[in-house]
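Here's the structure we're looking at; comments come further down.
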Amino acid sequence: DTGVSQDPRHKITKRGQNVTFRCDPISEHNRLYWYRQTLGQGPEFLTYFQNEAQLEKSRLLSDRFSAERPKGSFSTLEIQRTEQGDSAMYLCASKSLAGVVNEQFFGPGTRLTVL
Amino acid sequence: SQQGEEDPQALSIQEGENATMNCSYKTSINNLQWYRQNSGRGLVHLILIRSNEREKHSGRLRVTLDTSKKSSSLLITASRAADTASYFCATVINQAGTALIFGKGTTLSVSS
């Protein structure tokens, strides 16, 4: 097991384009989280899944954002009609319900730049 | 929105010195965690302290929690250059709550 992986690591896109990020959690981790981190700030929660069910979404997750975890394994985060304000690091984390309470394991992130 | 604030925002020390970072938060919590983020790397969990605990140790790390003041501190003893990173406190509001709520972080620079 190599930890949480994210792809791509970097994405540069033009305003108005759609982008999709992928997260592969630690195998057998039930919960998967998405966070967004802007420069100089701590990560902010976007949404989380327990297995394939999306159980919570923050107000930060506008209608242009959609996340899926179709088979309860990897997850995708899509941003439609990107805006410059979407530029940020998008972090994925996973957690086992059997593990230390609320300890989450983070991936390296996908850095999005919207021109 | 972010739960808390770390203090100081930036800290520069020499190798071998101790580093202390503070975190204040706004609402009652179930537990508080500290994470480290190196440049170009993801966040790494360091230590968790529950709301009914006052102090916890892990290697060179010492965490305290004062729920009456809604504050926590992280002490790194005998710092090393490899400790250079950003440090974030993260809170969990209740046992059913799952999202971590992070502060803005303290950037620690340890020079040799």
Side-chain angles (χ1 to χ4, degrees), chain A residues 2-10 21 23-26 29-51 53-61 67 88-97 99-111, chain B residues 1-10 21-27 29-53 56 58 63 72 74 85-107:
Chain A
T2 57
V4 179
S5 61
Q6 294 187 244
D7 181 69
R9 295 290 304 275
H10 302 273
F21 311 140
C23 170
D24 286 90
I26 294 171
H29 273 193
N30 312 85
R31 287 193 176 162
L32 186 150
Y33 305 79
W34 286 99
Y35 292 84
R36 182 177 71 184
Q37 184 178 23
T38 53
L39 198 62
Q41 302 292 317
E44 294 178 292
F45 170 72
L46 293 178
T47 187
Y48 93 92
F49 293 82
Q50 181 161 312
N51 300 315
Q54 187 174 15
L55 296 188
E56 188 176 348
K57 294 191 282 188
S58 104
R59 288 173 292 177
L60 292 175
L61 211 66
M89 177 77 85
Y90 290 83
L91 297 167
C92 175
S94 70
K95 169 181 158 19
S96 168
L97 291 176
V100 172
V101 175
N102 286 112
E103 178 183 358
Q104 298 182 14
F105 295 84
F106 283 81
T110 294
R111 181 169 297 283
Chain B
S1 64
Q2 296 188 294
Q3 160 82 297
E5 296 280 339
E6 282 92 340
D7 171 59
Q9 289 187 334
M21 289 160 263
N22 302 297
C23 166
S24 60
Y25 56 92
K26 298 174 186 174
T27 62
I29 61 171
N30 177 269
N31 66 72
L32 184 144
Q33 303 172 41
W34 285 89
Y35 282 79
R36 181 184 69 212
Q37 185 174 40
N38 296 96
S39 176
R41 293 188 58 186
L43 286 142
V44 175
H45 180 268
L46 295 176
I47 194 167
L48 179 152
I49 186 166
R50 300 178 194 278
S51 60
N52 61 355
E53 297 176 313
K56 203 162 184 180
S58 176
V63 171
S72 173
L74 172 68
S86 292
Y87 292 80
F88 296 90
C89 68
T91 55
V92 175
I93 295 175
N94 55 58
Q95 195 157 359
T98 56
L100 293 170
I101 304 175
F102 287 87
K104 293 184 179 181
T106 292
T107 300

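Here is how names work: the chains are called A, B, and so on, in the same order as the sequence lines, proteins then strands, and each is numbered from 1.
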If one checks every heavy atom of B:Q37 against chain A at 4.5 Å, the contacting part turns out to be side chain
Residue set satisfying ring-ring contact (aromatic ring centres under 6.0 Å, His included) with A:F49, at least two apart, ordered chain then number -> none
Using non-hydrogen atoms only, which part of A:Q6 is less than 4.5 Å away from chain B: side chain, backbone, both, or neither?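 Neither part, no heavy atoms under 4.5 Å.
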Check your understanding: Is A:K57 atom NZ crowded by more than 12 heavy atoms from other residues, nucleotides or ligands, each under 6.0 Å away?
Key ->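 Counting other residues, nucleotides and ligands, NZ of A:K57 stays at 12 neighbours or fewer.
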Kindly check if the number of other-residue, nucleotide or ligand heavy atoms within 6.0 Å of CD (B:Q9) is above 12?
no
message = Check whether A:Y35 reaches the backbone of B:L100 with its side chain - one donor and one acceptor, N or O, closer than 3.5 Å.
response =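 Side chain of A:Y35 to backbone of B:L100: a pair is present.
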query: side chain to side chain contact (heavy atoms under 4.5 Å, CB included) with A:T38: which residues, sequence neighbours excluded?
result: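 Partners of A:T38 by the side chain to side chain contact (heavy atoms under 4.5 Å, CB included) criterion, ordered by chain and then number, come out as A:Q41, A:A88.
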